[in-house]
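Following: one structure in structure tokens, then a few remarks.
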Protein chains: 2
Amino acid sequence: MTDGVSSTRVAAYLREAILSGELAPGARIRQEDVAERLGASRLPVREALRILAADGLVEHEAHKGARVPRLSQHEVDVVYRMRERLEPIAIVESMPHLDDGAHEQLEEVQRRIEDNTDVEKFLDLDREFHMLTYSGCHVDTLMTVVTRLWNSTQHHRRTYLALAGHRAMWAVNAEHRLILDAVRRGDADDAERYLGGHIRRTRIELSHHPEVFR
Amino acid sequence: MTDGVSSTRVAAYLREAILSGELAPGARIRQEDVAERLGASRLPVREALRILAADGLVEHEAHKGARVPRLSQHEVDVVYRMRERLEPIAIVESMPHLDDGAHEQLEEVQRRIEDNTDVEKFLDLDREFHMLTYSGCHVDTLMTVVTRLWNSTQHHRRTYLALAGHRAMWAVNAEHRLILDAVRRGDADDAERYLGGHIRRTRIELSHHPEVFR
DNA sequence: TTGCCACGGATTGGATCCAACTTCCAGAGT
DNA sequence: ACTCTGGAAGTTGGATCCAATCCGTGGCAA
């Protein structure tokens, strides 16, 4: 259900365009272009841009318009260090509320990740896997921030994956399996540990590839 | 200097009203009221509300309007656990960029905190102290999130202080002094440790006072 | 050639009017 | 007495038009 509200539809459209890489970091977003393309007026576009700014997907400057933020290597590194500390909280909050159905879903998504070879598909599935592990966390403030952190580094994950291919994928799968097992067993300590390690290892791999940041 | 842009002026006005407690959690904000009071049209008010939503100061629902979010005790606890893990990153990022002038300012602010007895004044000064220690952190994503976390719990700090008075204030001052000293010495490990402990102790004190959450 | 100023197109910000939705209350029907 | 329905009032969302600002371009002078 698209909510019926135009501004949220526009926001969804732009969110997809940015996360899919169609709009790269640094790209400018002209209100009238979007309005025309979606058959709406500029007003809902303006509101959509504010919504996306809250998600960290665009940055807005008065009288200069909106553009997709361009993060430096150091900024991305800090974002990953933030994730390393925040997401363990989310998984611990979430685990008690995950039932067998959720565990099944996780197993299924992880199986699809292991069968997959496409970069774009991996990005979606990986995000789905982690968000599923957090789906029992009902603290809005936390989930908003976590989503924001994923959003703002989506572009770099993509270019890194396109570069490294599936060479390092075995580690991701091993870590996901360990996380999934800990979640199933209800072992919060292990879940925290493996999740933190997963993010940390990714951060360090990224730091070895400065070419991702042009 | 107020940016000249109406929507940011409106946002600043509402931000002040919310942080000062004038608009309490749960309070509804009608666009026309604000517009009339500030002599603007409803449009900049709408944009201001979106800006504030990004700061976590209001929540917006389609066709139902904006209101100041009401956080549960558990949510506030999680927000403090987030702060406990994020702000140490901020202070470590910041410290290398703080010069003697900044150290002087910190000393001055802390002195004023120790001389102060007013609750409202303490809230401002305490925030100023911590934000000063983070002022050298130029990672936008991190500072945006930290600000958001402070914003969303400002109300609870106020009511707790009004309740506990300055009984527990000595601990705050001791911790501030230790943080300030570590910052001066450029000792990142100590700064991290004392800051984390400061936030953690506050969180635990809050958890002992459920009456703050009505 | 280079730097500066002015001007005009392009783009965003704001005001007003109209449409859509929500909420609340009265009244009929059970 | 209770529930459900319909409609009116109140509030937010969207479209259009106008104002303010930015930015590139071209001309002019040093």
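Every chain is numbered from 1 and lettered A, B, ... according to where its sequence line falls, protein lines coming before strand lines. No experiment lies behind these values; they were computed from the predicted model shown.
Regarding contacts with the backbone of D:dG13, every side-chain N or O of B:Lys64 stays at 4.0 angstrom or more from both OP1 and OP2.
Contact footprint of chain B on DNA chain C: nucleotides with an atom under 4.0 Å from a non-hydrogen protein atom, first to last in 5' to 3' order, C:dG13 to C:dT23.
Summary of the strand contacts: A:Ser6 and B:Arg30 both lie near DNA chain D, and taking for each the nucleotide with the nearest heavy atom, the more 5' one is attributed to B:Arg30.
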Chi angles and distances behind the side chain to side chain donor-acceptor pair (under 3.5 Å) call for B:His156, B:Glu75: CA-CA 11 Å; B:His156 309 88; B:Glu75 274 175 297; over 6 Å; no
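The distance from atom CD1 of B:Ile29 to atom P of D:dG13 is 13 Å, rounded to the nearest whole Å. Look at NE2 on B:His60: it is 8 Å from P on D:dT12, rounded to the nearest Å. The distance from atom CD of B:Glu36 to atom P of D:dT12 is 13 Å, rounded to the nearest whole Å.
We find that A:Lys121 and A:Asp118 are not joined by a salt bridge, their nearest charged nitrogen and carboxylate oxygen being 4.0 Å or further apart.
Within the 3.5 Å criterion, the main-chain N or O of B:Val45 finds no donor-acceptor partner in the side chain of B:Gln31. Between the side chain of A:Thr144 and the backbone N or O of A:Asp140 there is at least one donor-acceptor pair closer than 3.5 Å.
Atom CD of B:Glu205 is surrounded by more than 12 heavy atoms from other residues, nucleotides or ligands within 6.0 Å. The number of heavy atoms from other shown groups lying within 6.0 Å of CD (B:Glu32) does not exceed 12.
A pairwise comparison of heavy atoms in B:Ala40 and B:Ser6 identifies CB-OG, 4.1 Å as the closest pair. Taking every heavy atom of both residues into account, B:Arg157 and B:Trp150 meet most closely at NH2-O, 3.0 Å.
Annotation: proximity of residues 40-57 of chain B to DNA chain D (heavy atom, distance under 4.0 Å) is found for B:Arg42, B:Arg46, numbered in ascending order.
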